[in-house]
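The structure appears below as structure tokens.
No hydrogens, no waters, no symmetry mates; every other heavy atom, side chains included, goes into these values.
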Amino acid sequence: MNGTRVLVLNSGSSSVKYQLIDMHGGDRLAVGLVERIGEETSRLKHMPAGGGSREWSGPVADHDAALKAVAAELAGDGLGLDSPELAAIGHRVVHGGRRFTEPTVVDDAVLAEIERLIPVAPLHNPANLTGIRTARQLRPDLPQVAVFDTAFHTTMPESAARYAIDVETADAHRVRRYGFHGTSHAYVSRETARLLGRAPEEVNVIVLHLGNGASASAVRGGRCVDTSMGLTPLEGLVMGTRSGDMDPAVIFHLMRVGEMSADEIDTLLNKRSGLTGLCGDNDMREIRRRVDAGDERARLAFDIYIHRLKKYIGAYSAVLGRVDAVAFTAGVGENSAPVREAAVAGLEGFGLAVDGELNAVRGDGARLISPADARVAVAVVPTDEEMEIATQTYALVNDSGNLT
């Protein structure tokens, strides 16, 4: 294989995000987004490395049309999909079940298995499949690689991955804890070790991926041993619109007493809960503004969010036994100093503290925000899921044994 470029595609239900990355130097040659696919007001924004971003609006009927539009934009910059420099296309796939524990070159059997997993990822896997199928049509000769959100978490022991329900029922319906945001947790845990000047195999890290979706993981020596999301991305931390951990009997109560249907409860817990359900906002910046203005609903939402974070930091400290670092990442984790400060406050007994001045500094790179003499490092590590997907894809296709 001579090419050094990887096109990363993240196909959502109504959008396609993409990045073209040169793996020789790690440069982004182009970044873009097609959104509102299937509507008359679809929009494409394309940003080549040299500047001169382009944006247009108009109907984009489906993912096939979206990817063809992306290909045309890339070709306009001399970066077309027919370029001999393109080594592979890497696809984000949300759910890989237990079978896919690492990046995988896509063939018909792999597609069939991803499709078989649709019942446990009904919002994500169908869109991921559409992106892969369209890309295969555009470049049938090129390796298409699936990188799974769940793969990093397949190292969890059964004691962490199993729910305490009847084993036969669980196995028959593939009910277990899979975890998500795996590419982010893998990247951030490795970058945290690099920030500390140590090998990933030597470091125990608690990663807090805090965006609109949020998850925590306990990473021992580079391997995930526990994570907060479960069968679906609903379990765990309080999120922008998702409830996170909750007594499952609440569902039965709402069915019996509230006379709500399964679909109504699904919508409630995934789209009308979390910060939105508590205070009507899911933007942490707006919530903090309201807190500072004395808004009690916003204060309660913030306090519940932080309380859940603290519980997971404490739990994962116990799971790991020794913690070398706690790393904050994603939109909220990277940008909200109040969240970081509040999450660590009162945990001095765990060796955790933040330096107020360091925490207040905004920056683009990975950095420590804990005092120099802290027993446990507290870090802000910007995530880069696209680079992680590209790195895994490029490593796989460079190993010719995986393509035979």
Side-chain angles (χ1 to χ4, degrees), residues 5-21 28-83 85-86 88-95 106 108 111 114-115 117-119 121-142 144-147 149 211-213 233 240-242 263 266-267 270-272 276 282-283 331 385-386 389-390 393:
R5 297 173 183 168
V6 173
L7 176 62
V8 176
L9 293 177
N10 182 350
S11 298
S13 58
S14 62
S15 67
V16 173
K17 299 176 184 176
Y18 63 94
Q19 291 194 15
L20 181 64
I21 301 175
R28 265 85 167 172
L29 303 179
V31 176
L33 165 69
V34 186
E35 58 185 346
R36 298 196 289 269
I37 295 171
E39 301 180 19
E40 292 295 316
T41 57
S42 306
R43 184 173 74 101
L44 185 150
K45 186 173 184 179
H46 177 79
M47 295 167 284
S53 64
R54 301 188 293 273
E55 186 173 335
W56 58 261
S57 298
V60 176
D62 51 29
H63 284 72
D64 180 74
L67 285 178
K68 287 177 179 175
V70 169
E73 291 295 328
L74 291 169
D77 297 319
L79 303 169
L81 297 191
D82 58 350
S83 168
E85 289 297 313
L86 189 60
I89 300 178
H91 300 265
R92 179 199 180 207
V93 179
V94 167
H95 216 307
V106 174
D108 290 342
L111 281 176
I114 295 172
E115 188 166 18
L117 289 163
I118 286 175
L123 299 179
H124 298 95
N125 274 29
N128 303 154
L129 277 167
T130 300
I132 295 172
R133 286 173 172 146
T134 301
R136 289 181 89 196
Q137 291 170 1
L138 292 173
R139 279 299 305 267
D141 59 313
L142 200 66
Q144 310 281 334
V145 176
V147 178
D149 273 12
N212 191 49
T241 64
R242 300 178 195 142
D263 287 345
D266 189 298
T267 298
N270 279 290
K271 298 181 179 180
R272 296 196 293 114
T276 293
N282 66 344
D283 188 321
E385 294 174 87
E386 289 78 15
I389 291 170
T393 295

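Judged purely by atom type and a 3.5 angstrom limit, Thr393 uses its side chain to pair as donor or acceptor with the backbone of Ile389. Remark: the backbone N or O of Thr130 is paired with a side-chain donor or acceptor of Thr134 at under 3.5 angstrom. Looking at Asn282, its side chain never comes within 3.5 Å of a backbone N or O of Asn212 through a donor-acceptor pair. Without hydrogens or angle criteria, Arg36 side chain to Thr41 main chain gives a donor-acceptor distance under 3.5 Å.
Here the shortest heavy-atom pairing between Ser57 and Arg43 reads OG-CG, 3.9 Å. Taking every heavy atom of both residues into account, Ser11 and Gly131 meet most closely at OG-CA, 3.4 Å. Of all heavy-atom pairs between Leu44 and Ala69, the closest is CD1-CB, 3.9 Å. Contact between Leu7 and Leu86 at its shortest, heavy atoms only, is N-CD1, 3.8 Å. Minimum interatomic distance between Leu79 and Ala30 (heavy atoms only, all atoms of both residues): CD1-CB, 4.3 Å.
Considering only residues two or more places apart in sequence or on other chains, Lys271 meets the side-chain contact (heavy atoms from CB on, under 4.5 Å) condition with Thr267. Shown here are the ring-ring contact (aromatic ring centres under 6.0 Å, His included) partners of His91, two or more places apart in sequence or in another chain: there are none. Legend: residues meeting side-chain contact (heavy atoms from CB on, under 4.5 Å) with Gln137, ordered by chain and number and at least two apart, are Asp64.
Side-chain contact annotation: Gln144 with Arg136, donor-acceptor N/O pair under 3.5 Å absent. Using modelled atom types and a 3.5 Å distance limit, the side chains of Asp77 and His46 yield a donor-acceptor pair.
Between Glu73 and Arg54 a salt bridge is recorded (basic side-chain N to carboxylate O distance below 4.0 Å). Here Glu115 pairs with Arg133 in a salt bridge; the nearest charged N to carboxylate O distance falls below 4.0 Å.
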